[in-house]
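Comments concern the structure below.
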Amino acid sequence: MADEFNAEQKRYLEGFASGIAAARMTGGLAIGQGAASAPPAEPTGPDAIHIKAQDRTVKEGGKLCEQEKWKRAENPFDGHNRLKAEAATGKQPKPEDNFRWRYHGMFWVAPNQTSYMCRIRVPNGILQHWQFSGIADLADAHGGGYSHVTTRAGLQVREINPEHAQPFLDGLTDLGLTAQGAGADNIRNVTGSPAAGIDARELLDTRPLTKAWHNWILNDRSLYGLPRKFNVSFDGGGVTPALEETNDIGFQAIEVLEGGAVAPGVWMRLVLGGISGHKDLARDTGIVLKPEDCNRVADAIIRVFIENGDRTNRNKARMKYVLDAWGFDKYIAAVEEKLGRKLDRVDPAHVAPRRPTDRFSHVGVHAQAQPGLNWVGVVLPVGKMTTDQMRGLAKVAAECGDGQIRMTVWQNFIFSGVPDAKVAEVEARVEELGLTIKAAGIRSGLVACTGARGCKFAASDTKGHAMIIADHVERTVPALDVPVNVHLTGCHHSCAQHYIGDIGLIGAKVVVSEEGDTVEGYDIVVGGGFAENPKIGTEIWKAVKAEDAPTRVEALLNAYLARRQGPEESFQAFTARTGPEALRDAAEEQPALKAAA
């Protein structure tokens, strides 16, 4: 048919098509007006804040990254029914649709696994026993028959075929759960203190705060589609830390003393900019909030980020980089302008020191604030459970506890409300399921991301190597009498937060020939910390082959045991006292490494 038009007609049609394409990208033209005389319509609706930020980026000469273009072409929520219909046929998603599915909690993880992984929202990490066993049933019906506890105290289920994606999500709805916004450029699962409401030492119960924020973000579409993913955490000031310093926004319960600029009592300290994979922990802003004001302030912080975050470079798109470019004072001034008021500030001299935490209170038996009751933390090596284990654990929670299962950021979980008389039964039943509650040695502090078995970004098989390291250490370092945090992460995204571990390993490809052949391996850091001792670890070895990593960990632990001042000196404290380099040198003098040299 194109042959029927002359050259002038063809030029007109090409111009008309170009005009339509431009109108789609700018919000459309006013009806009855020409393109030359009318400016683009002002964006309206919940997506307007994002569209305006994209428009400003382009106007200033920036080029939107692919993900921003995908959001603009079709909002992932508007495209849901198309995604659902295509998945029902077994169709694998295109890259842009893989991105859109993540707004619904589904991640296509090819080529490592040609299937979806679903990440489930669990505010404060707490599930009822029937929800826990219900997820096990869904994993059997639609997934691979297992689940992983994540480092955001949630659950993920893998090996979900395309046609099972929506039925799995429907099943979550039936359980009173959701995966909405659990992936892509959205606010991720909200974390809180694992022992909230049962810890006698806490200043504040984080459960109402995490639930309120969870509902706030679920029901406001304008808070989806940020420049990059975003993490928010609430710490109640108790014995079990929430790792809020690794989040973009951290709220820490503190005790303000007499003489400060605000009334004495329990307030929430605001810390900003945590992103441990980029070697940065959240920093104190000096601002304190009433607990009931956290949502409004977090909302304003995020809207400043939406308007000013980088939408051209995904590697520089986190809020940290706006803070780095502006400084905290300018950023907070913009937040206060949105709020229409100044935020309260308190001099650190009028804040009580943070109470000591127990790095391993998420494992083992601990007395609750409620007399005669206990919480019992179960070790889950690298966070994996079979569905049979999940159903068995749910029965333990229902029959021996208060019916709740509390996930933690260390990839394990806690039974709560266990009477004194039931503790021994819980331990025995957990052991029958192939697990343990003992907080000792290396397994209770072992954390690993998905790794190369299920993630295309990972350079190494972190979960597999973590188990090999644990087996090796138990055999070669039998004198290890205190728990040690060992974190393995597969790539720079640092999902397992290797920089805050006692020993951290980050996946690396190790060159083993002149032709450039590589094998899986790790760079190794030591001395990381959190809570009252926050610290980014120091790299001591680069490009260690995965097969050599167990011996390196063995040598580090033996050097620690030989030179520490006693069991009361933790691995982190020892590393801080002696220095990371001295620890490395001491490790290299160990027989295991000398023999391997």
Side-chain angles (χ1 to χ4, degrees), residues 107-119 139 143-152 155-160 276-277 379-386 410-412 434 442-476 484-513 516-526 537 539 541-557 596:
F107 298 65
W108 185 252
V109 293
N112 303 70
Q113 294 175 329
T114 53
S115 56
Y116 285 106
M117 174 269 286
C118 183
R119 192 173 287 157
Y146 61 92
S147 73
H148 290 144
V149 178
T150 75
T151 53
R152 291 206 64 77
L155 280 176
Q156 63 183 29
V157 174
R158 306 184 74 88
E159 299 184 47
I160 301 170
S276 64
V379 178
L380 291 178
V382 298
K384 185 175 180 178
M385 297 171 288
T386 67
W410 293 276
Q411 295 183 303
N412 73 322
I442 191 170
R443 291 185 193 270
S444 54
L446 200 60
V447 176
C449 69
T450 298
R453 295 186 191 182
C455 177
K456 67 180 181 180
F457 298 111
S460 297
D461 175 17
T462 53
K463 287 190 183 294
H465 295 149
M467 298 305 293
I468 292 170
I469 289 171
D471 290 341
H472 179 85
V473 166
E474 287 180 343
R475 187 173 64 254
T476 60
V484 175
N485 283 105
V486 179
H487 295 227
L488 292 86
T489 197
C491 73
H492 65 281
H493 290 124
S494 189
C495 292
Q497 301 175 331
H498 62 287
Y499 278 119
I500 65 168
D502 290 319
I503 301 171
L505 297 89
I506 178 171
K509 291 299 184 184
V510 181
V511 178
V512 293
S513 74
D517 298 319
T518 63
V519 297
E520 293 183 357
Y522 296 92
D523 299 334
I524 300 179
V525 304
V526 296
E539 183 179 283
W541 288 309
K542 283 191 72 68
V544 175
K545 289 189 290 185
E547 65 188 55
D548 296 332
T551 306
R552 299 288 179 118
V553 175
E554 171 196 347
L556 288 169
L557 293 173

Test log, rule side-chain contact (heavy atoms from CB on, under 4.5 Å), inputs Asn412 and Val379: CA-CA 6 Å; Asn412 73 322; Val379 178; 5.9 Å; no

Is there a donor-acceptor pair under 3.5 Å between the side chain of Asn112 and the backbone N or O of Cys455? yes

Sorted by chain and residue number, the side chain to side chain contact (heavy atoms under 4.5 Å, CB included) partners of Glu547 (sequence neighbours excluded) come out as Lys545

Name all residues meeting the side chain to side chain contact (heavy atoms under 4.5 Å, CB included) criterion together with Ala508; count only those two or more places apart in sequence or in a different chain, and write none if there are none. Asp523

What verdict does the side-chain contact (heavy atoms from CB on, under 4.5 Å) test give for His465 and Leu488, after you've listed the backbone C-alpha separation in whole Å, the side-chain angles of each residue and the deciding distance to 0.1 Å? CA-CA 8 Å; His465 295 149; Leu488 292 86; 4.2 Å; yes

Not counting sequence neighbours, which residues clear side chain to side chain contact (heavy atoms under 4.5 Å, CB included) with Ser147? List them please. Leu155, Val157, Met385, Met390

Which pair of heavy atoms, one from Gly490 and one from Cys449, lies closest together, and at what distance? N-SG, 3.1 Å

Can you confirm whether Leu505 sits close enough to Ile469 that some side-chain heavy atom of one is under 4.5 Å from a side-chain heavy atom of the other? yes

Do you know which two heavy atoms are closest between Gly451 and Ala458, and how far apart they sit? C-CB, 3.4 Å

Hey, does Thr518 have a side-chain heavy atom less than 4.5 Å from the side chain of Val510? no

Could you work out, with side chain to side chain contact (heavy atoms under 4.5 Å, CB included) as the rule, every residue matching Thr551, not counting sequence neighbours? His472, Glu554, Ala592, Leu593

side-chain hydrogen bond (donor to acceptor under 3.5 Å, both in side chains) with Glu474: which residues, sequence neighbours excluded? Arg443

Pair listing, salt bridge (charged side-chain N to carboxylate O under 4.0 Å, His left out) test, anchored in residues 492-506, at least two apart: Arg359-Asp502

Under the salt bridge (charged side-chain N to carboxylate O under 4.0 Å, His left out) rule, what pairs show up with a residue in residues 108-119, not counting sequence neighbours? none

Using the test salt bridge (Lys or Arg N to Asp or Glu O under 4.0 Å), find all partners of Asp548 that sit at least two apart in sequence or belong to another chain. none

Mind checking what makes side-chain hydrogen bond (donor to acceptor under 3.5 Å, both in side chains) contact with Tyr499, not counting sequence neighbours? none

Interatomic distance, CD@Gln113 vs CD@Glu159, rounded to 0.5 Å, equals 5.0 Å

Val525 to Gly537 - nearest heavy-atom pair and separation: CB-C, 4.2 Å

Measure the CH2-CE distance between Trp108 and Met117 for me, rounded to the nearest 0.5 Å. 13.0 Å

Does Ile503 reach the side chain of Asn485, with side-chain heavy atoms less than 4.5 Å apart? no

Interatomic spacing from OG in Ser460 to CZ in Arg453 - rounded to 0.5 Å: 12.0 Å

So, using side-chain hydrogen bond (donor to acceptor under 3.5 Å, both in side chains) as the criterion, who are the partners of Gln411 when residues are at least two apart? none

Verify, without hydrogens or angle tests, whether Lys384 (side chain) and His148 (backbone) share a donor-acceptor contact under 3.5 angstrom. no

Qualifying residues under side-chain hydrogen bond (donor to acceptor under 3.5 Å, both in side chains), relative to His487, sequence neighbours excluded: none

Evaluate the side chain to side chain donor-acceptor pair (under 3.5 Å) criterion for residues His498 and Tyr522: first the C-alpha distance (whole Å), next the side-chain angles of each, then the deciding distance (0.1 Å), finally the verdict. CA-CA 11 Å; His498 62 287; Tyr522 296 92; over 6 Å; no

Side-chain touch Thr114/Val109, heavy atoms, less than 4.5 angstrom: no

Nearest-0.5 Å distance, SG of residue Cys118 to CZ of residue Arg158: 11.0 Å

Taken to the nearest 0.5 Å, the spacing of Thr450 OG1 from Phe107 CZ works out to 10.0 Å

Interatomic distance, CD@Gln497 vs CD1@Ile506, rounded to 0.5 Å, equals 12.5 Å

Taking all non-hydrogen atoms of both residues into account, name the closest pair between Ile500 and Ser276 and its distance. CG2-CB, 4.4 Å

Keeping Thr489 on the side-chain end and Cys495 on the backbone end, is there a donor-acceptor pair under 3.5 Å? yes

Pairing residues for Lys456 by the salt bridge (Lys or Arg N to Asp or Glu O under 4.0 Å) criterion, not counting sequence neighbours: none

Would you say that Leu557 contacts Val484 through its side chain, given a criterion of any heavy-atom pair below 4.5 Å between the two side chains? yes

